[in-house]
Every structure is written in structure tokens, then in C-alpha cells.
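What follows is a short report on a single structure.
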Amino acid sequence: MALQASFLPSAALSKAHREGKANGGAKDSAFFGLSFSDHKKSDISASVFVKRPNASLGAVRAQAAVTTPAIKQAAADGKKTLRKGNVIVTGASSGLGLATAKALAETGKWNVIMACRDFLKAEKAAKSAGMAKENYAVMHLDLASLDSVRQFVKSFRQSEMPLDVLVCNAAVYFPTAKEPTYTADGFEMSVGVNHLGHFLLARELLEDLNASDYPSKRLIIVGSITGNTNTLAGNVPPKANLGDLRGLAGGLNGLGSTMIDGGEFDGAKAYKDSKVCNMLTMQEFHRRFHEETGITFASLYPGCIATTGLFREHIPLFRLLFPPFQKYITKGFVSEDEAGKRLAKVVSDPSLTKSGVYWSWNANSASFENQLSEEASDPEKARKVWELSEKMVGLA
Ligand SMILES: NC(=O)c1ccc[n+]([C@@H]2O[C@H](COP(=O)([O-])OP(=O)(O)OC[C@H]3O[C@@H](n4cnc5c(N)ncnc54)[C@H](OP(=O)(O)O)[C@@H]3O)[C@@H](O)[C@H]2O)c1
């Protein structure tokens, strides 16, 4: 599975890159409303971001500096213009990921790299969403295989596109599973895909983000209310709980426990636990790298998008009743379109650049900084999850 249709022919990606470069100069900068002095990490005069060697990014391999100037000076009127941004969205073949890809592509200001496990499905989805060819490319990524993640990073680098924003969005959810399933590397599937695959991807691509000269570089990991036990939804059993991480320390495979807390397998809890890991990981990235790189790290709960494929493994009656229940009873329902616009704002809105934040939206669709649960904001747990995850994905 990991090796099938590895990625769009590089010619197509290079074409996207060239078009991104060519279009960039013609684009209006107003959407960022930027002033260079606001972005101390961007070395505009040098037109390249030259990575400095430093201790905490020490494990990051050296890489050629990106040569595409993010901001060009328009000759005639002296106005600053911004090239097209490059954003990778994992799981962009359906639901929130597709809606986000569409919202970003429609602006004409983003080249969306749809990182998907099913190449043809992603192509069809982009087409049926009406996304113009020049605004996206599909690349193969199976987060259930660490080899595939590494291959994706390699292929992306071969395209020579700068990376400006990474959105870790893909997820699986097995609420009715009686038995665990496993990734190619032998990890329980929910945590393997939702957390560990993304952990390796984000760690590997951090240096690419750092090398970008784009004025606002962001790494976004989609979270969920269901992992937060300080909410009503987060208190629906089984509740998220990583315990003392003994299952994660044991490898999360068939030999020991498949649950992070070392307990019996429970598919619904495994998903919620994986979302806690996503939110902890975002904060740990922020603590370790924000100051030194200027990258904005963020998570979000986009609202209950009750119609997406995430619920495909649920019983048919649940799938039938869940959307009207969320629409008319809890009133927490959001359409895929609206949720996509929310995530697209976290990617590109100049007002959402604060790092280390978990964004949510109120009934009037206004964003606010939400509080995470005690466990999902525990720095000590975040550090331990980070260190154990590093070992599991072969980074330590
Ligand atoms: N739906 C909600 O109410 C809700 C609420 C809060 C947060 N979220 C979060 O929103 C994000 C998107 O979920 P969604 O609701 O949009 O669900 P979805 O429609 O099922 O989308 C999930 C995406 O992940 C992809 N994916 C699954 N396994 C993968 C793998 N091994 N490698 C690469 N991609 C893989 C899927 O690909 P295929 O198309 O090939 O299956 C699909 O594109 C998730 O992080 C979820 O936790 C959702």
C-alpha cells in the first residue's frame, strides 16, 4: 500500500512550483497586509532563509536554502507582493482536509499539496470540488507507514518547492472495533496514523518550514474536543486518558498493550488518546522551536463536522442520527465548508499567528483561544510523549 503510486510525476510538481514562482510576482499582497518589520525571522533582503546551525535543531539535516523570494518588490509602484504560499494538507481527499484545500485553492494565493493515501480518490475529490489544476498537486502519503512518510518527505524535497505551512489533518477512527489493527510498523492504527505518522512527518519537515522565506510559517495539528475532558463531549465515555504512558513506552504493538495507558483495546478511546497526543505535540513543538524559528504552532477544534468520512466505521443508525442530533440538539454542528474555512484561516489569517494556541469558534463563528484539559496541556506529559514518540519513529 505504501509503495503504490508514490506521487504525482515530478514534472507536474515542478510545474506547480514554476507556476507558483511565476504567479507569485503578480499577486496582490493585501491579503496578508504585511509589513516586513513585523516579521523579524524573514530575511527579505537576502531573499533566502539561510538556516543557522543551532543546538535544538541539531538533529535536523543540512539542506539547500530555498531560493524563491517570498516577497517581491513590484517595480512600478513599490508595493510589496507575496508569492503563492505552499501548504501541505494531509488527508485532503475528504471531509475537513478537502474543504480546507478547496478554501485555500480558491483564493489563488496557495498551492495546496494534497498528501493522501489514495491518489485517485484525491484527484477525483479535487476535481469534484472544482479546484483549478494550477492551485494544487496530489502526492502520495500513507501515514500508516513510516517508510511512506520518509518517502513523501524525499519526494517533496525533490520538487524543490519551499514549504510554508504544514497541516496535519488526516485521521482514522474505529469506534466499534473489537480488535486492534496495526500500521506497517506494528503500531495500533489510530495512534499510529493520527499521532506517530504525523509526528515523524512534522519533525522531518520542520527544517523545510524553517528554511522557507515566507513571512508567516505555520505548523498546524488538528485536535478535537473529544480529547479534552474539560468539555461535555470529552466526558462521554470512554474518556481520553494517557495514564502513565506505559503502553506507549511498551511499543503500542500486539506484544504488549495497544493502548497508551496500558489498558485493554478500545477503538473510541484510542482515537481520543491520539488527539490528546496531537494537542500535546503542538505545544511541545511550540516550547522547543517557536522562539528560535518564528514558526507558528497551532491546533484547533473546528466544530462537529458530523457528516464526514470519520464516522464511516460507526453503525448505520449512528451515522443517520448523529448529524441531526448535532444540528438541532447540541447545536455544535458545522458544515464541511464552514469547518474548511476555519482551518484555512488558521493557515493564512494574519490575526491567527499566535503560537501554542488551540483555536475554537463560538456560535457566531468567531475564533477564540480555547482552554485545553489538564491532561492535554500538561507540559511534563507532552515532554514524555515527545521522547517516547521519537524512539518509536526512529528519531532517537
Ligand atoms: N468530523 C468531525 O466532527 C471532527 C471533529 C473534530 C476534529 N476532527 C478532525 O478533523 C480531521 C479530519 O477528519 P474528517 O472528519 O475530515 O474525517 P475524514 O473525512 O474521514 O478525513 C480523514 C482523512 O484522513 C485520511 N487518512 C486516513 N488514514 C490515512 C493514512 N493512513 N494516510 C494518509 N491519510 C489518511 C483519509 O483518507 P481517505 O480519503 O483515503 O480515507 C481522509 O482524507 C481529523 O484530524 C479529525 O480528528 C473531526
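Remember, it's 1-based here, ligands and their atoms both numbered in the order they're listed. On a predicted model such as this, the values are computed, not experimentally measured, just so you know. Values reported hereafter were calculated over all heavy atoms of this structure, with side chains retained and with hydrogens, waters and symmetry mates removed.
At the shortest separation from atom 43 (O) of ligand 1 among protein heavy atoms lies Ser93 OG, 2.8 Å. Considering only non-hydrogen protein atoms, atom 3 (O) of ligand 1 sits nearest to Ile305 N, 2.8 Å. Here the heavy atom of the protein found nearest to atom 10 (O) of ligand 1 is Leu96 CD2, 3.5 Å. Protein heavy atom in closest approach to atom 5 (C) of ligand 1: Gly303 O, 3.5 Å. The protein heavy-atom contact nearest to atom 34 (N) of ligand 1 is Ala170 CB, 3.6 Å. At the top of the distance list for atom 22 (C) of ligand 1, counting protein heavy atoms only, stands Ala171 O, 3.6 Å. Shortest contact from atom 14 (P) of ligand 1 to any protein heavy atom: Thr308 OG1, 3.5 Å. The nearest protein atom to atom 47 (O) of ligand 1, hydrogens excluded, is given as Tyr271 OH, 2.5 Å; this is a heavy-atom distance.
Heavy-atom proximity to atom 32 (N) of ligand 1, evaluated over Ile225, Leu143, Thr100, is greatest for Leu143. With atom 21 (O) of ligand 1 as the reference point, the heavy atom nearest to it among Ala92, Gly95, Ser94, Cys168 is part of Ser94. Relative to atom 28 (N) of ligand 1, the option among Arg117, Lys121, His198 with the closest non-hydrogen atom is Arg117.
A salt bridge links Asp261 to Lys269: one of the charged nitrogens lies within less than 4.0 Å of a carboxylate oxygen. A salt bridge is absent between Glu338 and Lys341; no separation between the charged side-chain nitrogens and carboxylate oxygens falls under 4.0 Å. Asp164 has no carboxylate O lying under 4.0 Å from a charged side-chain N of Lys84, or vice versa, which leaves the two without a salt bridge.
Checked against a 3.5 angstrom limit, the closest N/O atoms of Ala115 and ligand 1 fall outside it. In terms of polar-atom proximity, defined here as any N/O pair under 3.5 Å, Asn169 does make such a contact with ligand 1. Ligand 1 has no N or O atom lying under 3.5 Å from any N or O atom of Val222, backbone or side chain. Between Gly309 and ligand 1, at least one pair of N/O atoms sits closer than 3.5 Å. Of the polar atoms of Gly97, none of the N or O atoms is found under 3.5 Å from an N or O of ligand 1, judged by distance alone.
Ligand 1 places these atoms under 4.0 Å from at least one heavy atom of Tyr301: 5 (C), 6 (C). Short contacts between ligand 1 and Gly223, defined as distances under 4.0 Å to a heavy atom of the residue, involve ligand atoms 7 (C). Close approach to Val172 involves these atoms of ligand 1, each under 4.0 Å from a residue heavy atom: 27 (C), 28 (N). For ligand 1, the atoms closer than 4.0 angstrom to any heavy atom of Cys304 are 3 (O). Remark: ligand 1 atoms within the under-4.0 Å shell around heavy atoms of Asp142 are 30 (C), 31 (N), 32 (N). Ligand 1 places these atoms under 4.0 Å from at least one heavy atom of Lys275: 44 (C), 45 (O), 46 (C), 47 (O). Applying the 4.0 Å criterion to heavy atoms of Ala144 picks out, from ligand 1, the atoms 31 (N). Residue-ligand proximity, Leu310 to ligand 1, at heavy-atom distances under 4.0 Å covers atoms 1 (N), 15 (O), 17 (O), 18 (P), 19 (O), 20 (O), 48 (C).
By the salt bridge (charged side-chain N to carboxylate O under 4.0 Å, His left out) test, Arg287 is found to be paired with Glu284, residues two or more places apart in sequence or in another chain being considered.
For Glu336, no heavy-atom contact with ligand 1 is shorter than 4.0 Å. Here Leu141 has backbone heavy atoms under 4.0 Å from ligand 1, and that is the only part of it that gets that close.
Taking 4.0 Å as the cut-off, Gly197 does not count as a neighbour of ligand 1 on heavy-atom distance. The shortest heavy-atom distance from Tyr173 to ligand 1 is not under 4.0 Å.
Taking a 6.0 Å sphere around OH of Tyr328, one finds it holds 12 or fewer heavy atoms contributed by other residues, nucleotides or ligands.
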Q.
Run the ring-ring contact (aromatic ring centres under 6.0 Å, His included) test on Trp386 and Phe285 for me, step by step, so that the C-alpha distance in whole Å, both residues' side-chain angles and the decisive distance to 0.1 Å come before the verdict.
A. CA-CA 9 Å; Trp386 180 279; Phe285 263 115; 4.9 Å; yes

Q: Please assess Thr281 against Gln283 for the test side-chain hydrogen bond (donor to acceptor under 3.5 Å, both in side chains), listing each intermediate value before the final yes or no.
A: CA-CA 5 Å; Thr281 300; Gln283 294 163 87; over 6 Å; no

Q: Tell me, with the steps shown, if Phe297 and Trp359 meet ring-ring contact (aromatic ring centres under 6.0 Å, His included).
A: CA-CA 11 Å; Phe297 300 98; Trp359 296 105; over 10 Å; no

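Other residues sharing a hydrophobic cluster with Phe265 under the 4.5 Å side-chain heavy-atom criterion for ILVMFWY residues are Met259.
Leu242 and Ile225 fall into different hydrophobic clusters, where Ile, Leu, Val, Met, Phe, Trp and Tyr residues are linked whenever their side-chain heavy atoms come under 4.5 Å apart, directly or through other members. Cluster membership for Leu372 and Ile221, using ILVMFWY side-chain heavy atoms within less than 4.5 angstrom, is not shared.
Of the possible polar contacts, one joining the Ser257 side chain to the Gly263 backbone as a donor-acceptor pair under 3.5 Å is found. Between the Thr100 side chain and the Leu343 main chain, no donor and acceptor come within less than 3.5 Å of each other. With hydrogens and angles ignored, the 3.5 Å screen pairs no side-chain donor or acceptor of Lys239 with any backbone N or O of Thr229. Not a single donor-acceptor pair under 3.5 Å links the side chain of Asp142 to the backbone N or O of Arg117.
With respect to Met189, the side chain to side chain contact (heavy atoms under 4.5 Å, CB included) criterion is satisfied by exactly one of Phe174, Tyr182, Tyr271: Phe174.
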